[in-house]
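Let me begin by presenting the structure, written as structure tokens, before commenting on it.
These numbers come from the heavy atoms of this one structure, side chains and all, not from hydrogens, waters or symmetry mates. The shown structure was predicted, so the numbers you read here are calculated from the model rather than taken from an experiment.
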Amino acid sequence: MLPARDTRSSRDVVVKFYRESFHRFVADLRAKFGSGPPDPEDVAQQAFEKLLNHSEAQEPIRSVKAYLWMMCRNIIVSELRAQKAAKVRDFEYAEQQFDLQGSVLSPERVLASREQLLIAEEALAKMPNRRRQAFTLVRLHGLTPAEAARELGISRTATSKHVAKATQEILSALLDDNRTR
């Protein structure tokens, strides 16, 4: 015999769970996965958002907490994979562009580096203010995306997207310059 179906909507159950358990849930995430990145609060927020979208679907969720844990784990794994891929890509680009094997700074290499810096600065200056701020805080000042997000008053995810887009735009500007030579 199946248990009696709850007369409340799935959305009401999720909202109630969010109000009663969000901070404890974030603390549990932090205890299990660390302080980030990705930031446990951002992960929990994304999971609850996905859960709300799911709650509108036909099939009810048996255990909201178990479902949230599964989503959070998936979000964290995806985020860590993306960060690892970005580090590899950045290292490969730096190795390719700056020949990390050589230690001699020839005048030609110094001039080329200065030209690249000017191109990067121009690309940065053309960006929307938020994107430029996020990139500067994370890549130049060394803040984590979560720290930069708090400073900018936006989510960590939005900050990461701004940094990725800014990096892509700078890389495109540098590659376009290399093609025109």
Residues E169 and R131 bridged, charged N to O under 4.0 Å: yes
Testing the basics here: between S35 and P40, what is the closest heavy-atom pair and its distance to 0.1 Å? O-CD, 3.4 Å
Donor-acceptor pair, side chain of Q46 and main chain of V43, under 3.5 angstrom: no
Minimum heavy-atom separation for V26 and A44, please, with both atom names. CG2-CB, 3.7 Å
Residues K32, D28: salt bridge by 4.0 Å N-O rule: no
Gap between atom OH of Y18 and atom CD of E49 - 0.5 Å precision: 10.5 Å
When you group the ILVMFWY residues by side-chain heavy-atom contacts below 4.5 Å and let the links chain together, are I76 and M70 in the same group? yes
S155 versus Q45, side-chain donor and acceptor atoms under 3.5 Å: no
Rounded to the nearest 0.5 Å, how far apart are CG of D42 and SG of C72? 11.0 Å
Going through the checks in order, is the side-chain contact (heavy atoms from CB on, under 4.5 Å) test met by F135 and H162? CA-CA 7 Å; F135 180 84; H162 279 306; over 6 Å; no
Where do P38 and Q83 come nearest, in terms of heavy atoms and distance? N-NE2, 4.3 Å
Any donor-acceptor pair under 3.5 Å linking the side chain of R130 with the backbone of T159? no
Intermediate values then yes/no, side-chain contact (heavy atoms from CB on, under 4.5 Å), R30 and D39: CA-CA 8 Å; R30 188 169 277 115; D39 183 56; 3.9 Å; yes
Following the transitive rule for hydrophobic clusters with a side-chain heavy-atom cut-off under 4.5 Å over Ile, Leu, Val, Met, Phe, Trp and Tyr, establish whether L152 and V163 coincide in one cluster. no
Give me the ring orientation class for F33 and W69: parallel if the planes are under 30° apart, tilted from 30 to 60°, perpendicular past 60°. tilted
In this structure, are over 12 heavy atoms from other groups packed under 6.0 Å from E151 atom CD? no
Distance col, row L137:CG vs T144:OG1, nearest 0.5 angstrom, shows 10.0 Å
Would Y67 end up clustered with F25 when hydrophobic side chains under 4.5 Å apart are linked, directly or stepwise? yes
For the atom pair CZ (R89) and CG (L171), what is the distance rounded to the nearest 0.5 Å? 8.5 Å
Closest heavy-atom pair, V138 versus P145, reported as atoms and distance to 0.1 Å, is CG2-CA, 4.1 Å
First locate atom OG of S172, then atom CD1 of I119, and finally report the distance between them rounded to the nearest 0.5 Å. 12.5 Å
Rounded distance [0.5 Å steps], CD1 in I170 versus CD in Q168: 11.0 Å
Hey, mind stepping through E122 and K126 against salt bridge (Lys or Arg N to Asp or Glu O under 4.0 Å) and telling me if it holds? CA-CA 6 Å; E122 287 173 9; K126 292 177 184 175; 5.3 Å; no
Do F48 and M71 have side-chain heavy atoms sitting under 4.5 Å apart? no
Determine whether V77 and L68 fall in the same hydrophobic cluster, where Ile, Leu, Val, Met, Phe, Trp and Tyr are linked whenever their side-chain heavy atoms lie under 4.5 Å apart. no
Assess whether a salt bridge exists between E79 and R156, defined as any Lys/Arg side-chain N lying under 4.0 Å from an Asp/Glu carboxylate O. yes
